[in-house]
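Structure first, commentary second.
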Amino acid sequence: MERMTPTDAEFLALEDGVHHMHLASIGIFDGPAPSYDDVLAYVATLLPRVPRYRRKVRRVPLDILRPVWVDDGHFNIRYHLRHAALPAPGSDEQLRNLMGRLMSQQLDRTKPLWELWIVENLSGGRWALVSKVHQALVDGIEGSDILTLMLTREPHRDGVEPEPWNPRPEPSDLDLTLDAGRDLVTSPMEQYRAVTGAIDRPRRAIEQARHSLHRFSALAPPERSAGSLTGPLGPHRRWHDVSVPLSSVKRIRAVLEGSVNDVVLAAIAHGFRNLLLDRGETVERRYVRTFVPVSVHSTDDLDEYDNTVSATFTDLPVGVDHPRDALALITRQLERLKDTDQAVAGEILTSLSGFSPPLLLALGTRAATSAVGELEGIHTISANLPGPQTTLYLLDRPMVEAYPYLPLRNDLRLTVAVFSYNHQLFFGLTGDYDTSEDLDVFARGIEEGIAELLESAEAAEQADTTSPA
């Protein structure tokens with residue numbers, strides 16, 4: 001029996017029929033897909049390394065203390081590993097619709113809080129693996145999750161037999177009550193948490209964000225109306241993908257200045273501009289405020305990363321017509337923070353070689369979820385997440401694309417997450433189903449933003465080569 005941390009318990013408590021607290025990612029692989037039984041056997045060999053994947057949540061009677069993780073005596077791996085196929089022709093749009101449907105369903109609270117979906121019949125002979133995991137589960141796992149273990153740097157065929165597993169007997173309500181009572185009596189920290197509901201690490205990012213907000217006040221953008229970007233949510237989701245070459249973003253950064261993160265945010269700003277104009281909303285002198293949690297690196301070994309989260313606001317200038325002007329304004333904002341601990345480490349997007357999609361998403365959304373509940377004036381979340389710049393494999397199939405899914409919180413109707421993987425940037429856009437049927441307009445705006453920034457960079461390079469010495 002394992003007591004939930006305060007943060008894990010918070011994410012469990014925040015979930016309701018509208019606000020789903022699972023994270024997800026979708027990896028796309030060159031085919032043919034492995035058989036269901038091969039993947040099943042492979043996952044079974046990895047489960048001993050992530051014990052919580054065979055544990056479920058039990059609440060303490062009367063909620064006198066946080067819930068606990070207990071072994072699921074009826075654990076069935078076939079419930080968690082699922083198999084689907086797109087109907088012909090297996091288009092990108094069909095995959096997006098499937099992703100939206102999968103993300104609209106809560107994970108079953110009576111079972112371990114994760115699912116894996118093998119999706120076959122994608123166009124071009126490809127297949128996909130969708131990983132879906134509750135934040136309460138992955139937040140507490142120190143550096144490991146099932147998808148991270150499944151993806152390897154070299155192709156291989158796993159022939160290891162799974163270890164036998166004997167679940168511990170599930171505790172009774174009386175056992176849970178007595179155990180909680182002992183914790184409350186013997187642990188001063190538990191007494192403190194029980195009284196205050198203290199939440200640990202997210203607070204650091206929130207304090208950073210508050211400090212950043214104070215420092216941004218001198219810029220004082222004239223208008224930050226949310227318009228249609230915030231409001232009541234429904235239970236269903238839409239999802240869209242965008243991918244751009246990392247080399248293009250680096251070229252833009254090198255010529256037009258700023259960081260990789262600045263370029264990404266400028267493209268997102270252009271996406272919002274197009275979306276709002278398409279909806280008939282005014283953009284003149286308007287800014288969209290995004291909360292930006294960034295997983296940052298604090299060791300000298302690039303093969304290791306910790307769970308440090310830097311957080312700040314950025315006011316996306318949707319009132320300017322050209323992405324180059326948006327980039328200059330965003331860079332100016334973030335330059336104000338370079339001499340402080342609040343500076344966003346945008347280049348981390350391209351430097352880390354570790355890869356844990358659920359863990360990285362959890363780090364960003366842990367801070368973002370708390371921020372959205374405590375800070376006013378946020379219109380969206382833009383999470384930037386690092387990944388390796390070499391190909392990863394599942395068994396002997398190469399992963400060619402990797403997209404994230406970031407949940408919606410409170411009244412935010414649209415969120416953005418970005419993975420850097422194998423010299424590409426992969427954007428995952430999440431929208432409320434009822435109010436974001438035009439999510440494709442936002443996606444095209446991001447693509448256009450990158451394209452226009454690249455044109456500006458190429459024009460600047462050409463001007464430099466033709467100008468007299």
Side-chain angles (χ1 to χ4, degrees), residues 205 208-209 212-213 215-216 219 221 224 229 242-244 246 248-276 283 286-296 309-338 342-350 364 367-368 371 377-386 404 406 412 414-420 425-430 442-454 456-457:
Q208 288 178 337
S212 299
L213 179 60
R215 293 180 65 84
F216 277 169
L219 298 175
R224 293 194 192 94
L229 298 179
V242 174
S243 65
V244 298
L246 185 55
S248 296
V249 175
K250 286 185 172 182
R251 186 176 182 185
I252 293 166
R253 171 203 174 282
V255 177
L256 303 183
E257 301 184 343
S259 70
V260 169
N261 187 62
D262 297 345
V263 175
V264 169
L265 291 174
I268 292 172
H270 194 70
F272 276 116
R273 175 181 171 83
N274 282 17
L275 181 68
L276 294 171
V283 296
R286 182 170 173 181
Y287 285 72
V288 170
R289 170 159 285 177
T290 183
F291 183 75
V292 186
V294 180
S295 300
V296 299
V309 174
S310 176
T312 190
F313 291 98
T314 301
D315 287 318
L316 303 178
V318 297
V320 299
D321 180 52
H322 200 285
R324 181 171 184 169
D325 298 325
L327 175 60
L329 289 170
I330 290 169
T331 300
R332 179 189 168 206
Q333 286 185 61
L334 298 182
E335 280 180 346
R336 299 287 298 269
L337 305 179
K338 283 185 178 179
Q342 287 21 273
V344 175
E347 298 312 310
I348 295 304
L349 275 170
T350 67
I378 300 174
H379 306 146
T380 188
I381 300 169
S382 306
N384 298 329
L385 309 164
L406 191 65
L412 304 188
L414 201 157
T415 61
V416 183
V418 186
F419 276 161
S420 157
L425 290 183
F426 296 101
F427 294 70
L429 317 178
T430 304
F442 183 49
R444 288 197 301 272
I446 293 174
E447 293 174 327
E448 291 171 6
I450 294 293
E452 291 185 27
L453 285 167
L454 188 59
S456 294

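Sequence positions, counted from 1, serve as the residue numbers for this chain. Below, all heavy atoms of this structure are taken into account, side chains as well, without hydrogens, waters or symmetry copies.
Taking both residues in full, the closest heavy atoms of S456 and H322 are given as OG-CE1, 3.1 Å, listed atom of the first, atom of the second, then distance. Closest heavy-atom contact between L406 and A383: CD2-CB, 4.2 Å. Heavy-atom minimum distance, A269 versus V318: O-CG1, 3.5 Å. In plain terms, the two heavy atoms of I268 and I446 that are nearest each other are CA-CG1, 4.1 Å. Between P404 and V418, the closest heavy-atom pair is CG-N, 4.0 Å. Closest approach of L453 to A266, counting heavy atoms only: CD1-CB, 4.2 Å.
Under a 3.5 Å cut-off, the side chain of Q333 and the backbone N or O of D315 do form a donor-acceptor pair. Between the side chain of T380 and the backbone N or O of L414 there is at least one donor-acceptor pair closer than 3.5 Å. The backbone N or O of S382 lies less than 3.5 Å from a partner atom in the side chain of T290, making a donor-acceptor pair.
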**Item:** Audit row: R251, L454, side-chain contact (heavy atoms from CB on, under 4.5 Å) steps and yes/no
**Value:** CA-CA 8 Å; R251 186 176 182 185; L454 188 59; 4.0 Å; yes
**Message:** Show, in sequence, the C-alpha distance, side-chain angles and deciding distance for V242 and I450, and conclude whether the side-chain contact (heavy atoms from CB on, under 4.5 Å) test is met.
**Reply:** CA-CA 11 Å; V242 174; I450 294 293; over 6 Å; no
**Request:** Starting from the C-alpha separation in whole Å, work towards a yes-or-no answer on side-chain contact (heavy atoms from CB on, under 4.5 Å) for V263 and L256.
**Result:** CA-CA 9 Å; V263 175; L256 303 183; over 6 Å; no
**Message:** Is there a side-chain contact (heavy atoms from CB on, under 4.5 Å) between V264 and V416? Walk through the geometry before answering.
**Reply:** CA-CA 11 Å; V264 169; V416 183; over 6 Å; no
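Side chains of E448 and N274 form a contact here, defined as non-hydrogen atoms less than 4.5 Å apart. Side chains of F291 and L412 form no contact here, defined as non-hydrogen atoms less than 4.5 Å apart. Counting heavy atoms from C-beta on, the side chains of P317 and D325 never come closer than 4.5 Å. Between R273 and D321, some side-chain heavy-atom pair lies under the 4.5 Å cut-off. F272 places none of its side-chain heavy atoms less than 4.5 Å from the side chain of V283.
Once rounded to the nearest 0.5 Å, the distance linking CD1 of I330 with CG of L316 reads 5.5 Å. Rounding to the nearest 0.5 Å places CD of E452 at 10.5 Å from CD1 of I252. The CG atom of L327 sits 13.0 Å away from the NE2 atom of H270 when rounded to the nearest 0.5 Å.
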